[in-house]
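Throughout, protein chains are lettered first and strands after them, A, B, ... in sequence-line order, and every chain is numbered starting at 1.
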Amino acid sequence: MTQENQPVIYDENQIIAERRAKLTEIRQTNNAFPNTFRRDHLTSELIKQFNEFSKEQLEEQPTIVKIAGRMVLKRVMGKASFATIQDMKGRIQLYISNDHTGEPVHAAFKHYDLGDILGAQGTLFKTKTGELSIRVTDLQLLTKSLRPLPEKFHGLADQEQKYRQRYLDLITNEETRKVFAIRSKVVQAIREFFVERDYLEVETPMMHSIPGGASARPFSTHHNALDMALFLRIAPELYLKRLVIGGMEKVFEINRNFRNEGISTRHNPEFTMLEFYEAYQDFTYLMDFTEQMLVHVAKQVLGTTHITYQGKTMDLSISFMRLTITQAIQKFHPDYTTEQLNDRDYLIKKLQALNTHFNPNDGIGGLQLSLFDETTEHLLFEPTFIVDYPAEVSPLARRNDNNPDITDRFELYIAGREIANGFSELNDPEDQAARFQEQAKAKDAGDSEAMHYDADYIRALEYGLPPTAGEGIGIDRLVMLLTDSPSIRDVILFPQLRQED
RNA sequence: GGGUCGUUAGCUCAGCCGGUAGAGCAGCGGACUUUUAAUCCGUUGGUCGCCAGUUCGAUCCUGGCACGACCUACCA
């Protein structure tokens, strides 16, 4: 904080210097930052309520209103002026004239700048073009804006600045405001969906002493008083299942996960995950449940299940396809024969030829998955559940009753991206202990994303986890889909960026 | 990590095949009592991302660096 009432001289441009001079002048006669003005209406509510009224109706029954907001447009014309005020709901036009405010108020207004926060009182009327406006009788500067806004017509174009100075993006870009309004509604609709179904919303730790629940590298930190290493969580899964063991048979959590990995248009180091668990259900139930939830969310938020994403359309209300990994590969690449896809040597040769990353020690299932990731995942535009994930890459999922090499697990792909991952939970503590041991071995062998052995979780399982189904849904990616956003940064208010300077 | 492109006034952008820069918006001054990105007249404002090199001379050419966007690879 700088000393009060001591204008600080910065090395800054002329526009800021002029605005600062205006502020200094205001300080000399008034409280420059008053907090006594109270509005009684929001702009778009006024328009909703009064736009249907005729010019004459408004004159016959004068309605006095008080609004406040940021001045985003200004048109001065001698003895009368217009200004457009923007608040959280929209915009409305002010008409300021010597006749109604007196000359001094209008004169002061002429020196107000775009970006200033104003409070206005006046009477609703319609201009000769029929625009609902406020004939101002009282006008107050509530907050002086010292920095000029981005160009009023083009707005903020620089992507970096949009992310770094999101407030400017929000002031100038209606689309951005809409995206985050939709994001809020998406989360709201999801909550409703779970609460209606008797789920309990919970919050589990963000700081884990053993990072678990996913295969990813964690951020690490240190607790001074306890002198212990802590990790920002990569997933809440193991804690949520402890709660199911504790008798919370239907739980969900919407919260942040942190993964110390690459940043891209689809990845932010912290991202929002919905995870939910329901006892006495399995993964097939989850697939139906997910379809219903997405339909609910789309209808609540967009009013339709027809989605356009990057120029292509889909309908979320149509039953989603369900394919095994090899079926999906063959659907898009019919030239692969079933024999080839079950031939280790063939798969390894093919993956090498594709120049892709894979683990040559994987079994058939792991190799098939690598081939799927490389050749098919990005082509799954229509919502598709991929099932039959190999046990070796699913250390927390229940084995299939007929084939112990695969698990009762699915991933949901929409628009070429993984949106959800769900499975029947592994509730056999001895099998879980063995899987952790395998993971620990892989970790020792250099796999930085392999899971740790979590003895407390095994102890919890030994008390008995009821048969349970659980799923995670990437909220950011879902919002990308529902807002037609090409980058995850467009749906996160303050995405991770490199440090400035 | 690799590739492509970018960085010029507060903002949106031109421009210069090497002679140190322009427009619109915003600002300032003036005209204008129903404008709609108001209009009209005048006007202020720039270390052309940073550092080297080549050159008589670099915003422009070369090299390096920084930052960013997009694509690509790994992770959701």
- prompt: Using atom C1' of each nucleotide, how far apart are B:rC28 and B:rG45 to the nearest Å?
  reply: 10 Å
Rounded C1' spacing from B:rU7 to B:rC13 in Å: 13 Å
task: Look at the side chain of A:D113 and decide which nucleotide, out of B:rU35, B:rG68, B:rG27, has an atom nearest to it.
output: B:rG27
field: Whole-Å C1' distance, B:rC16 and B:rA21
entry: 8 Å
field: Ion pair check, A:K89 and A:E45, cut-off under 4.0 Å
entry: no
Distance, P atom - from B:rC40 to B:rU35, rounded to whole angstrom: 15 Å
- prompt: Say you pick atom C1' in B:rG15 and the same atom in B:rG53; how far apart are they, in whole Å?
  reply: 25 Å
- prompt: Between A:E25 and A:K22, is the closest basic N to carboxylate O distance under 4.0 Å?
  reply: no
- prompt: The side chain of A:V76 lies closest to which of these nucleotides: B:rC32, B:rA69, B:rA26?
  reply: B:rC32
message: Any base atoms under 4.0 Å from A:T265, or only sugar-phosphate, or nothing? Heavy atoms, all strands.
response: sugar-phosphate
task: Sticking with atom C1', work out how far B:rU47 lies from B:rC60, rounded to a whole angstrom.
output: 16 Å
message: Is it the case that the ring center of A:Y413 lies less than 6.0 angstrom away from the ring center of A:F372?
response: yes
field: Interatomic distance at C1', B:rG6 relative to B:rC65, whole Å
entry: 16 Å
- prompt: With sequence neighbours left out, what residues match A:H208 under ring-ring contact (aromatic ring centres under 6.0 Å, His included)?
  reply: A:Y239
field: Same-atom distance (P) from B:rU12 to B:rA26, integer angstrom
entry: 15 Å
